Amino acid sequence: MLDDVAGTPGRYVIAVPRKELAEEFASYLRERLDTKTLHPIVKTIHSGQAGFREGVVRRIEEALREQGE
């Protein structure tokens with residue numbers, strides 16, 4: 001699935017059950033996207049991140065707005 005995402009232009013939201021898996025997926029995508037696009041944007045959002053007061057849903061909504069929903 002991640003190779004399909006990396007090879008197909010578009011915007012994606014990928015939800016996984018563990019924050020470690022989210023970080024792993026993001027790292028994998030960054031490696032693949034760097035060779036296929038000029039300016040890939042990969043954001044990892046999870047409840048274990050320090051320094052965020054907003055909830056996960058609010059941060060996902062904000063990330064979508066930033067990218068021109």
Side-chain angles (χ1 to χ4, degrees):
M1 172 196 70
L2 294 179
D3 287 332
D4 287 342
V5 168
T8 307
R11 294 179 7 182
Y12 300 89
V13 174
I14 301 171
V16 295
R18 293 186 354 252
K19 55 188 165 194
E20 295 84 8
L21 191 57
E23 296 290 350
E24 183 180 321
F25 279 16
S27 177
Y28 182 88
L29 285 171
R30 284 184 186 105
E31 289 175 16
R32 299 302 181 270
L33 290 169
D34 283 344
T35 63
K36 294 179 186 264
T37 64
L38 296 175
H39 302 288
I41 298 169
V42 178
K43 290 190 177 200
T44 306
I45 299 171
H46 58 74
S47 61
Q49 292 170 313
F52 290 100
R53 291 185 175 189
E54 307 95 25
V56 170
V57 172
R58 174 170 273 187
R59 290 177 22 224
I60 291 171
E61 291 170 345
E62 181 63 29
L64 290 171
R65 274 194 297 280
E66 287 174 4
Q67 298 309 312
E69 198 176 11

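In what follows, every heavy atom counts, from backbone to side chain, and hydrogens, waters and symmetry copies are set aside. It should be emphasised that the depicted structure is a prediction, and the values quoted were computed from it without experimental measurement.
- Taking the side chain as every heavy atom from C-beta outward, R30 and T44 approach each other to under 4.5 Å.
- Taking the charged nitrogens against the carboxylate oxygens, R59 and E62 have no contact shorter than 4.0 Å, which rules out a salt bridge.
- When every heavy atom of I45 is checked against every heavy atom of A63, the shortest pair comes out as CD1-CB, 4.2 Å.
- Counting only residues at least two apart or in different chains, salt bridge (charged side-chain N to carboxylate O under 4.0 Å, His left out) contacts with residues 12-28 comprise R18-E20.
- Side-chain contact between L64 and R11 is present, with at least one heavy-atom pair separated by less than 4.5 Å.
- Contacts of L2 classified as side chain to side chain contact (heavy atoms under 4.5 Å, CB included), with partners at least two apart in sequence or in another chain: I14, F25, Y28, L29.
- Under a hydrophobic clustering in which Ile, Leu, Val, Met, Phe, Trp and Tyr are joined whenever their side-chain heavy atoms come within less than 4.5 Å, directly or via other members, V13 and I41 fall into different clusters.
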